[in-house]
Protein chains: 2
Amino acid sequence: MPAVSLRLSSVQSANLKLRGPVTEPTQQEEESWESGPIPAVPDRLLASDLVNEIEFLAARARSLGSGRANTMLAPLDLKVRSYSVLAMACSDTEPSQRELADFLRLDPSQIVSLVDALEKRGLVFRGPDPRDRRSKVIRPTAAGMELHQRAAAAVRVAEDTSLAPLDGPERDQLRVLLRKIAFG
Amino acid sequence: MPAVSLRLSSVQSANLKLRGPVTEPTQQEEESWESGPIPAVPDRLLASDLVNEIEFLAARARSLGSGRANTMLAPLDLKVRSYSVLAMACSDTEPSQRELADFLRLDPSQIVSLVDALEKRGLVFRGPDPRDRRSKVIRPTAAGMELHQRAAAAVRVAEDTSLAPLDGPERDQLRVLLRKIAFG
DNA sequence: AAATTATCATTGACAACTTCAATTATGTGG
DNA sequence: CCACATAATTGAAGTTGTCAATGATAATTT
């Protein structure tokens with residue numbers, strides 16, 4: 001039973017603000033409540049060249065997606081950043097902080113803060129790196145693995161919401177294409 | 001004569017920092033100098049579940065892309081943000097500031113700052129909105145349109161670099177998929 | 001048409017994030 | 001051993017994100 005499709009009613013309605021004169025009931029009957037709280041961009045703007053630039057599309061998609069993910073993660077006291085670090089710690093890849101910085105494209109000092117916070121909550125700890133005593137491998141605690149389970153579920157729901165306009169094969173294809181440009 | 005493929009030698013080498021013991025010359029012969037300054041993520045980390053999450057992939061892709069775009073725009077004293085506003089002003093969509101905020105997913109107050117800066121440089125101005133005297137339509141000056149031309153070319157080069165791993169049809173498909181999730 | 005309520009642009013405050021330089025401990029190559 | 005590079009950390013700037021309040025104008029209600 002895959003691909004859950006929750007309703008998110010409370011979350012979405014919280015984000016929804018009516019705006020504009022609303023002279024006539026425009027053509028937003030099908031979209032607005034089903035696909036998510038996308039803040040109603042006038043069709044007129046979609047004629048701009050910007051909507052063809054990957055840079056812009058990726059930024060907008062990420063903004064929408066991370067907004068939803070943050071909302072879903074908030075009850076767990078996580079954000080996409082801290083979730084990412086926790087998820088990497090819970091993977092079996094045994095990442096060092098430097099590797100996390102490169103992987104997540106954050107400054108090493110940001111990793112320090114993120115790991116500090118997670119460590120203070122008893123979710124991860126800095127283990128020794130047998131090959132290099134300078135570096136520290138981020139590992140999960142039992143509590144960390146448990147929270148990660150729940151957080152991953154929340155992220156899946158957020159992702160499912162973000163990907164609502166795409167069918168299964170399209171989602172797979174998007175993943176493949178993004179992986180290519182995100183790595184090499 | 002489409003799809004320019006510049007070399008970016010100076011730009012890229014500026015971003016390149018050697019790191020790590022470099023015990024053996026790993027398999028980065030083909031990639032590192034051709035496709036861009038992607039900071040060498042160990043293959044081991046690619047086994048994590050995170051690389052399948054759209055949220056993460058979009059964030060990483062955007063980070064790489066906007067980094068390149070910002071680098072290319074820097075000589076013109078623009079960033080992706082100010083470029084986006086300028087580009088919208090130069091489109092024939094006559095956007096108000098509120099519309100720009102929704103479209104670019106920025107707070108209205110951020111639009112004020114961006115427009116202020118562009119206006120101070122004589123690139124755009126706030127025109128009246130015939131339909132609503134509260135709102136202001138952002139329009140380009142002659143200098144703004146001229147700079148936009150050059151900026152758009154720079155962004156195309158950056159995008160071409162970011163999309164290097166994809167062939168033509170793949171790029172089109174990515175655009176289509178991203179447009180679907182970026183709008184509805 | 002007067003009152004009420006909402007929206008637009010703007011300002012200002014504050015939190016969060018980004019980027020950099022400097023430091024200490026450790027690793028690498030000569 | 002020495003010179004140099006890198007990992008984690010700290011702290012300081014600079015930038016961006018988020019929010020609340022305000023004055024002008026618009027829409028809605030009575």
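Since this is a predicted model, take the numbers as computed values, not measurements. Chain identifiers are assigned alphabetically (A, B, ...) following the order of the sequence lines, protein sequences preceding nucleic acid strands; residue numbering begins at 1 within each chain.
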Can you measure [X] atom [atom1] to [N] atom [atom2] for me and round it to whole angstrom units?
X      : N      : atom1 : atom2 : answer
A:R105 : C:dC17 : CZ    : P     : 17 Å
B:D77  : D:dT15 : CG    : P     : 12 Å
B:D129 : C:dA9  : CG    : C1'   : 12 Å
B:R131 : D:dT25 : CZ    : C1'   : 17 Å
B:R81  : C:dC17 : CZ    : P     : 14 Å
B:L100 : C:dT10 : CG    : C1'   : 15 Å
B:L106 : C:dC8  : CG    : C1'   : 16 Å
B:R62  : C:dC17 : CZ    : P     : 13 Å

Does A:R98 make a side-chain N or O approach to OP1 or OP2 of D:dA7 shorter than 4.0 Å?
->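 Looking at the OP1 and OP2 atoms of D:dA7, one of them is under 4.0 Å from a side-chain N or O of A:R98.
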D:dA7 OP1/OP2 closer than 4.0 Å to side-chain N/O of A:R133 |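 Looking at the OP1 and OP2 atoms of D:dA7, neither is under 4.0 Å from any side-chain N or O of A:R133.
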Less than 4.5 Å apart, any side-chain heavy atom of B:S66 and any of A:E55?
->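 Touching, per the 4.5 Å side-chain cut-off.
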Among pairs that include at least one residue of residues 111-120 of chain A, which meet side-chain hydrogen bond (donor to acceptor under 3.5 Å, both in side chains), considering only residues two or more places apart or in two chains?
->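 Checked against side-chain hydrogen bond (donor to acceptor under 3.5 Å, both in side chains) - neighbours excluded - the pairs reaching residues 111-120 of chain A are A:D116-A:R126, A:E119-A:R126.
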Could I get the full list of side chain to side chain contact (heavy atoms under 4.5 Å, CB included) partners for [X], not counting sequence neighbours?
X      : answer
B:P75  : none
A:Q173 : A:L177, B:Q173, B:L177
A:A143 : A:L123, A:T141
B:S109 : B:D107

Between D:dT25, C:dA16, D:dA5, which nucleotide gets closest to the side-chain atoms of B:R134?
->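 Given the options D:dT25, C:dA16, D:dA5, the side chain of B:R134 is closest to D:dT25.
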Using rotation axes that map the C1' atoms of four end pairs onto the next four (five pairs an end), what angle separates the end axes of the helix from C:dA1-D:dT30 to C:dG30-D:dC1, to 10°?
->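 Terminal axis comparison yields 40°.
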What orientation do A:H148 and A:Y83 show, parallel under 30°, tilted 30 to 60°, or perpendicular over 60°?
->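 Plane angle under 30°, so parallel.
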Contacts under 3.5 Å, N or O only, protein and nucleotides 9-12 of chain D:
residue	atom	partner	partner atom	Å
D:dT9	OP1	A:R126	NH1	2.8
D:dT9	OP1	A:K136	NZ	3.0
D:dT9	OP2	A:Q97	OE1	2.9
D:dT9	OP2	A:Q97	NE2	2.5
D:dT9	OP2	A:R126	NH1	2.4

Among residues two or more places apart or on two chains, list those pairs meeting salt bridge (Lys or Arg N to Asp or Glu O under 4.0 Å) that have a residue in residues 70-87 of chain B.
->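 Applying salt bridge (Lys or Arg N to Asp or Glu O under 4.0 Å) to every pair that reaches into residues 70-87 of chain B, excluding sequence neighbours, yields nothing.
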A:R121: partners by side chain to side chain donor-acceptor pair (under 3.5 Å), with sequence neighbours left out =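 Testing A:R121 for side chain to side chain donor-acceptor pair (under 3.5 Å), a comparison that skips the adjacent residues, returns none.
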